[in-house]
Structure formats: structure tokens, C-alpha cells
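See structure below.
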Amino acid sequence: MSEFDEDDAFEAAPQPSLAQRAMAARPMRYMDRLNPAQREAVEALEGPVLMLAGAGTGKTMTLMARIAHLVTLQRARPYEILAVTFTNKAAREMKDRLSNTPFRLCEPIRWMGTFHALSVKILRSHAELVGLKSNFTILDADDQVRLLKQLIVAAGIDDKRWPARALAGVIDNWKNYAWTPENVPVSQASEFDGKAVELYAAYQDRLKTINAADFGDLLLHVVTLFQQYPDVLAQYHRRFKYILVDEYQDTNVAQYLWLQLLVGEQKNICCVGDDDQSIYGWRGAEVGNILRFEKDFPGAKVVRLEQNYRSTPHILAAASGVIDANTKRLGKTLWTAAEDGEKVRLIGHWDGEEEARWIGEEVEAMQHGTRGLRPFSLNDMAILVRASHQMRAFEDRFLTIGLPYRVIGGPRFYERMEIRDAMAYFRVATSPDDDLAFERIVNTPKRGVGDKALQTIQRAARANGISLLEATRLLVTSGELKGKAKTELARLVDGFDRWQAAVRDDRNSHIELAEVILEESGYTEMWQNDKTPEAPGRLENLKELVKALEQFENLQGFLEHVALIMDNDSDNDGPKVSIMTLHGAKGLEFPAVFLPGWEDGLFPSQRSMDESGLKGLEEERRLAYVGITRAEELCTISFAANRRVYGQWQSALPSRFIDELPEDHVDVLTPPGLYGGGYGAAGMGNSIEEKAASANVYNSPGWKRLQARSQSRPMSQPAESRTVVIDSQAVSSFTQGDRVFHQKFGYGYVMGIEGDKLDIEFEKAGSKKVVARFVTPADRVDDVPF
DNA sequence: AAGATCAAGCTTTTT
DNA sequence: GCTTGATCTT
């Protein structure tokens with residue numbers, strides 16, 4: 001891979017690059033945009049620096065200016081800088097922005113990426129030293145659990161009582177602490193019925209034989225590599241003159257060690273973070289790392305960025321009010337020069353559906369400008385939820401009213417069955433020892449291989465110490481397999497021989513190769529013969545998969561990308577409102593933000609509080625802080641009295657965080673469901689009091705205060721009625737009884753037509769009212785909308 | 001061995 | 001309520 005080319009330059013003397021000379025002509029323009037604190041952070045190049053950067057204080061810009069400064073002053077060449085980010089998104093964004101004005105580094109910072117991505121890069125060069133081959137595959141959580149399950153069963157443990165997922169959790173956690181099986185402290189011995197350490201060791205063994213690493217291993221292996229091979233570490237010390245770390249508050253112990261090892265004598269490390277935005281404690285992140293920085297690096301310079309350029313004063317004040325309730329903080333005071341703007345809006349709803357309905361209408365209204373607000377593009381609006389299952393209510397609603405949306409971080413492209421299958425083929429082709437992948441596709445498409453045949457193969461593999469693929473080859477030639485399974489498997493082994501040879505021969509186009517594999521294996525054919533409504537979509541996805549290959553040099557590079565980078569960046573067509581989790585929203589900003597589901601138990605999440613007590617609650621509070629500070633101009637918080645959980649109705653109290661919002665900065669909107677905003681309440685005979693009593697909701701301090709506030713204010717107008725733009729052509733192209741197809745609901749029949757909506761009885765999803773243009777006649781499923 | 005029917009567990013967050 | 005995995009039936 002080309003990334004490794006500069007290894008040749010490992011020991012070369014620094015030469016001013018073209019980029020540097022270009023910069024010298026127009027020196028340090030990036031400095032012009034910085035405020036004094038930011039400038040201070042940029043200019044403190046030598047020695048350890050901690051940059052405490054509050055939300056929206058221009059952290060990324062400062063970080064990039066620092067990189068530009070290092071290069072301009074020729075302290076380091078771009079490849080001598082190690083820049084670690086927490087997400088791939090952040091890495092990509094920085095790379096993009098660094099290639100533009102005013103930074104304009106023509107030469108990219110090659111060593112910029114997540115801990116995991118950088119670890120892979122390091123491990124590919126030294127895999128043998130940690131017991132892997134350089135073409136090792138990266139297992140995702142799913143593979144990991146499947147492998148562990150095999151080991152649990154093999155150990156004669158009841159996997160019902162001791163589920164593999166739980167063990168995976170334990171092992172992940174240990175890896176977060178960089179504990180190898182030998183290093184797990186005795187205090188942990190009782191985990192998983194006292195079998196965890198033993199199973200962990202077996203798991204690590206197994207990973208080596210199938211030439212694979214899980215996510216935790218990527219960090220762990222680098223740490224052990226550096227600990228055991230000082231000469232290797234010394235190479236990297238010589239290379240990396242400066243280290244920058246983003247989101248330092250999110251680092252776990254393993255990452256902390258990773259950094260400690262990599263920092264050279266000069267301690268040129270700059271860590272950027274915000275303790276108030278530490279929201280990954282559950283994943284092993286240690287806020288302690290950032291709190292302890294000055295102890296770890298005596299003489300460290302600490303710079304605080306406190307001027308916020310993102311949000312209005314009301315929004316900042318609301319966020320501060322919430323986060324102030326936390327106890328352990330380094331302490332920052334955000335301020336802004338911006339004008340007042342709108343207060344944070346707060347609204348209660350009867351149930352989750354009404355909340356979704358209201359937000360849907362509000363989003364539509366805001367597109368055109370409502371309540372004296374400016375119009376907002378859909379791209380400028382986002383709905384941030386605590387847990388991903390909350391997304392469904394919005395998806396359903398938006399689909400029904402035809403509001404374009406995009407789900408960020410939802411079920412991902414690569415997690416789909418067909419993509420995982422296809423990748424399993426690619427994995428075996430590039431890494432023949434990958435038994436897990438082989439197992440996945442050995443009978444997909446159906447090759448007449450059942451439990452019995454598979455067990456025979458596994459036994460042969462274990463007996464001879466070979467991979468499943470080799471074992472299959474053995475059994476096919478020895479004639480131990482019979483019938484359909486024999487001929488089909490012979491073909492499969494044959495196929496892999498050819499494909500593996502093709503992988504090794506780099507004259508081949510990997511794109512064509514991928515197509516050949518999917519074709520010759522019969523995988524594409526399998527879906528072509530499939531008559532279920534999903535089949536066309538799956539074929540479409542496979543095409544997209546092959547198309548995605550274009551951006552990579554080879555199959556392995558692609559597999560690595562998919563394993564590490566889990567986003568589907570595809571849809572940029574037309575404005576859409578975003579739906580994502582609060583965690584997924586970190587680092588993003590939107591002019592208008594909706595924060596639904598502020599109910600105790602949901603947010604703060606009951607589970608967090610049960611498992612981690614006050615610590616958990618404070619992390620939830622930081623999450624609330626992150627949510628509010630995503631908003632630039634308008635922030636709307638809402639809660640529902642009732643919500644369906646597990647299909648069961650449950651009522652909840654408004655979140656305790658609502659009580660923490662400072663009154664002066666909040667505008668209480670009248671709950672439409674309770675005060676005649678349109679749905680439910682009017683004319684149904686059940687008074688507000690009855691509803692309140694039955695739900696036992698409105699006795700909380702939060703609700704009482706809410707009522708007190710709303711009485712002192714004029715009721716705001718219900719969202720003005722809009723004329724719906726009807727695509728009459730689309731409606732009229734359907735008649736009752738038509739068979740239709742819908743992207744989400746599948747096939748169904750038109751039962752009636754109402755305005756621009758069709759009343760459809762879906763085969764799977766039941767009866768729904770759906771906007772006509774989201775439906776296609778069933779005989780034309782090829783050109784589905786979206 | 002493949003398809004069908006039934007039960008359980010799930011809903012925190014992600015590299 | 002939904003999906004996944006396990007068991008049953010052909």
C-alpha cells in the first residue's frame with residue numbers, strides 16, 4: 001500500500017517540501033482567524049500542552065492551525081506528525097480542511113486517523129511480532145460473539161445461562177485496560193462463572209490461528225508490540241516528532257498507554273478535549289486521563305478555549321445550567337458575543353407518537369418560516385435521540401408525511417446480510433485462514449451443506465490443524481463427502497483457488513475480481529432467483545458495494561475500510577432532516593436541533609443510573625450538555641407522558657434535566673395534545689385532569705414548574721395550517737386494488753385514496769396511510785423511490 | 001437438509 | 001412489538 005512508501009524516508013533528513021515553500025510565500029495566514037487563547041494554543045509548540053476546548057470554541061480550527069504552524073516553521077514534515085482522532089468522521093473532516101485555505105498543506109498528514117486505524121497501519125508492518133500475518137482480518141462485534149459462542153460450547157458450558165455476548169463484554173472491557181490473559185487481575189477471576197480468563201486465553205489463541213484481530217486487539221497488540229520490542233518503538237519515536245490527540249477525554253487505559261509509549265523524549269504532545277463532553281465512560285473511557293494530564297506531564301501548558309462561536313446566549317445558558325449540576329469538572333465558562341436569539345423551547349406531549357407528529361409538523365413549518373423565525377433548510381435541522389430505537393417513531397412518521405430524512409449511524413450498510421456475505425467471500429479470498437468468514441458462506445447459496453457436513457469439516461480441520469477451507473479440500477478429494485455437498489464444495493474450493501490466485505496477482509482489477517467472485521460463487525444468482533420484496537434492494541446494495549471498491553487499491557484495503565469505517569455517506573441528494581443519537585452528534589452542529597424523549601428512565605437512561613450510579617447520571621448529564629450545545633439558533637426539547645416500550649405502554653416523568661434548565665432562558669410551548677393543538681384532546685371527553693391522573697405524570701416538580709411558567713406566558717399559536725402540495729399525478733396514477741411496493745413496508749394493495757395519501761393494506765406491515773409518491777406499482781419495483 | 005413454526009430476549013451509546 | 005435463534009416437521 002502506498003501509505004508505506006514513505007517508510008523509505010524513515011531516516012531521511014528533513015527537506016522543506018513544496019508545501020512548506022508555498023506556505024512561506026504567504027506566511028501564517030491561518031493565524032489571522034484566531035483569538036488570543038487559540039493563538040496561544042497554536043504557538044505553544046514544544047512540550048506537553050493540554051487544550052481545554054469547550055463546545056463550539058473553534059477547537060478543530062485551532063488544531064489545524066497548529067499543524068499548519070508546525071509545518072510552516074519547519075519543526076516537522078507532514079509525515080512526522082501523528083494526529084489521533086476519535087472518529088473517522090473527525091479524521092476525514094480534518095484531512096479535507098487541511099487541504100484547503102488557509103492551511104493548504106499540499107502534502108497530507110498521512111498519520112492521521114483513529115487509534116484503531118493507526119494501529120492497523122502499525123500492525124500490518126509488524127504483524128509477525130504479535131503472532132499474526134500481515135493480511136490479518138478485523139473481526140466486528142458480530143464475528144467476535146460467534147467465535148466466543150463456539151468456544152463456550154466447546155468448553156461444555158451452557159450458552160443459555162452464560163451468553164457469548166456477556167463474555168464479549170467482559171473481554172472487551174479487559175482489553176480496554178490493555179490486560180492480556182496473563183495480566184488480568186485476580187479481582188476479575190469470578191467473571192463469567194470463573195471461566196472468563198480461561199476462555200479469554202482460548203479466544204486469543206483462536207484469533208491467532210484464524211489470523212484475525214478484534215477491535216480491542218488492534219490497540220492491545222500495538223501496546224504489547226511497543227512494550228516487547230523497544231527497537232520497533234524507537235523507530236516510531238524517531239518518526240513522530242509531534243503528537244496531537246483530539247477528544248482526549250474519551251481515551252481509555254489502553255489508548256492512554258498507547259500514547260504514553262509513543263511519546264518520545266521531547267514530550268511533544270498536544271491533547272485536546274473537554275471533560276464536559278466525556279460520554280464514552282461505558283466504553284472504558286477514563287475522564288481521569290484528562291483530569292490527570294498535568295500530573296502525567298509535569299510542566300504542561302494548559303490553555304482554555306472559552307469563547308463560543310456556535311450558539312446563541314440562551315442556548316449556552318441552558319447548557320451551562322444543566323452541566324453546572326455536575327460535580328467533578330475542570331471548569332470552564334463559555335461565553336459568546338452573539339445576539340440573544342430565541343430561547344430554548346420546551347414542550348410536553350401526550351405520547352411518543354404525538355411527539356413525532358408535532359416535530360414532523362414543526363420541521364415542515366420551519367422550512368417556510370414560522371412564528372416569526374427565519375426559514376430553515378431541512379439540512380439545517382436535526383433530531384437527536386438518546387437511544388437508536390427512538391428513531392423508529394420519527395422514521396414512521398416522516399415516511400407517512402413524505403418528509404425527507406436521513407438516519408446517521410443507523411443500521412449500517414455493511415451490517416446488511418448481503419454485504420456481510422459478500423465480504424465473507426472477499427475475506428476468504430484474501431485471507432484463507434479466516435474460518436469465520438468461510439463458515440458464513442459455505443452454505444450460502446445453498447450447497448447442501450448442513451450441520452452434519454459442517455461438523456465433519458470442522459472435525460477434520462481440528463484434527464489436522466488446518467483451516468476449514470483446507471479441510472474441505474481434503475474431504476472432497478478423499479471422498480468423505482458425498483452427493484450434492486461434494487460436487488458443490490469441490491466447485492467452491494476450486495473457485496477459491498482461482499480467486500486467491502487472482503488476489504495475489506495485482507495486475508488484475510480488484511473490482512472485476514469482486515464481480516467474478518460474486519458471480520461464480522452463485523451468490524448474485526441466489527438473489528436474482530429470490531422473490532421476496534427485499535431481493536431487488538439487496539442486488540442494488542451489492543452493486544453499490546462493487547462500486548465502492550473503486551476508491552480502493554485492492555480488496556484488502558477495502559475490507560479494512562469497511563471493518564474500521566462504518567458509515568454510509570451515500571445520500572447527499574436533496575435536503576433532508578437528520579436523525580441520529582446524541583453520541584453520533586458529537587462534533588456536529590445544526591442551526592435547529594430537536595431533543596425529544598427527555599423523560600426520566602429514558603434520558604437519563606435508567607440503565608446508566610442502575611449500573612453506574614451517580615457517575616452514570618453525570619455522564620447522562622454531559623450527554624444532555626452535548627445535545628443542547630449542538631444547536632446554533634434554535635433548540636427544542638420535548639418529552640412525552642406515555643411511550644410504548646416493548647410494545648407495552650409506559651408512562652414516565654419529565655427528565656430531571658428539565659428541572660435544571662434555567663427558567664430565564666426557556667420558552668414553554670403549550671402542549672398541543674393537552675390544549676387543543678389539533679389531535680386527541682379535543683372532543684374526546686377526557687379532560688386534562690383525567691389524563692394527568694391516569695398517567696400519574698403531571699405531579700412532578702418539573703411539570704408543575706412547566707405549568708407555572710406557561711401560565712405566565714401567552715400561549716403560542718398552534719403551527720399554522722399549510723396547504724399540502726399534492727402531486728396529483730402521483731395520486732391519480734393509482735386506483736383501488738392496485739398492487740404496490742413501498743421501500744419500508746413492502747408489498748400491499750391500495751384500499752382507498754384520501755387527498756394525497758393512499759390507504760394501503762400491506763402484506764407485512766398492516767394498513768398504513770402513505771403519501772403516493774413513496775409508493776410504486778408492484779410491477780415496477782426496479783425504479784423504487786429514494 | 002430445508003423450510004416452517006415457535007420462543008426468547010431485546011433497547012444505550014461505537015471504534 | 002420485533003427480530004433472532006432454536007426446535008420441529010417434511
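So that the names make sense, note that chain A is the first sequence line, chain B the second, and so on, each numbered from 1.
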Find the distance L454(A):CG to dA1(B):P and express it as a whole number of Å. 10 Å
Please give, in whole Å, the distance from dT15(B) P to D246(A) CG? 14 Å
Please classify the nucleic acid contact of T581(A) as base, sugar-phosphate, or nothing, using heavy-atom distances under 4.0 Å. sugar-phosphate
T444(A) and D421(A) side chains, donor-acceptor separation under 3.5 Å: no
Rounded to the Å, how far apart are R165(A) CZ and dA8(B) C1'? 13 Å
In whole Å, what is the span from the CG atom of L384(A) to the C1' atom of dT13(B)? 14 Å
Looking at F438(A), does the NZ or CZ of R427(A) lie under 6.0 angstrom from its six-membered ring centre and within 45 degrees of the ring axis? no
Nearest to the side chain of H116(A), heavy atoms from C-beta on, is which of dT15(B), dT13(B), dA1(B)? dT15(B)
Rounded distance in Å - CD (Q648(A)) to P (dC10(B)): 16 Å
Provide a list of protein-nucleic acid N or O atom pairs under 3.5 angstrom, restricted to nucleotides 3-6 of chain C.
from: dA6(C); atom 1: OP1; to: K149(A); atom 2: NZ; distance (Å): 2.5

Rounded to the nearest angstrom, tell me the gap between atom NE2 in H221(A) and atom P in dT15(B). 20 Å
With a 4.0 Å cut-off on heavy atoms, is E611(A) in touch with a base, just the backbone sugar-phosphate, or nothing at all? base
Indicate, with a heavy-atom threshold strictly under 4.0 Å, whether Y280(A) touches base, sugar-phosphate, or nothing. sugar-phosphate
Spell out yes or no: do the side chain of R386(A) and the base of dT13(B) have one donor N/O and one acceptor N/O closer than 3.5 Å? yes
With the side chain of H389(A) defined as its heavy atoms from C-beta on, choose the nearest nucleotide among dT15(B), dT11(B), dC10(B). dT11(B)
Using atom C1' in both nucleotides, what's the gap between dT11(B) and dA6(C) to the nearest angstrom? 22 Å
Under the 5.5 Å and 30° test, is W282(A) stacked on the base of dT13(B)? yes
Does the side chain of S608(A) come under 3.5 Å of the side chain of E620(A) through a donor N or O and an acceptor N or O? yes
Quick one: which of dT13(B), dA2(B), dT11(B) gets closest to the side chain of N443(A)? dA2(B)
Among the nucleotides dT13(B), dT11(B), dA1(B), whichever has the atom closest to the side chain of K452(A) is dA1(B)
Can a side-chain donor-acceptor contact be found between Q390(A) and E355(A) if the only test is distance below 3.5 angstrom? no
How are the rings of Y280(A) and W282(A) set relative to one another: parallel (under 30°), tilted (30 to 60°) or perpendicular (over 60°)? tilted
Under 3.5 Å, is there a donor-acceptor pair between the D214(A) and Y203(A) side chains? yes
I want to confirm an ordering. Mapping H583(A) and R447(A) to their closest nucleotides on DNA chain B, which one lands closer to the 5' end? R447(A)
Reading DNA chain B from 5' onward, which residue's closest nucleotide shows up sooner: D451(A) or S608(A)? D451(A)
Determine whether the aromatic ring centres of residues F657(A) and F603(A) are separated by less than 6.0 angstrom. yes
Please give, in whole Å, the distance from dT14(B) P to L588(A) CG? 12 Å
Testing V222(A), V223(A), L225(A) one by one against S119(A) for a side chain to side chain contact (heavy atoms under 4.5 Å, CB included), which residue passes? V222(A)
On the nucleotide dT13(B), are OP1 or OP2 found under 4.0 Å from the side-chain N or O atoms that S388(A) carries? yes
In whole angstroms, the gap separating C1' of dT14(B) from NZ of K89(A) amounts to 11 Å
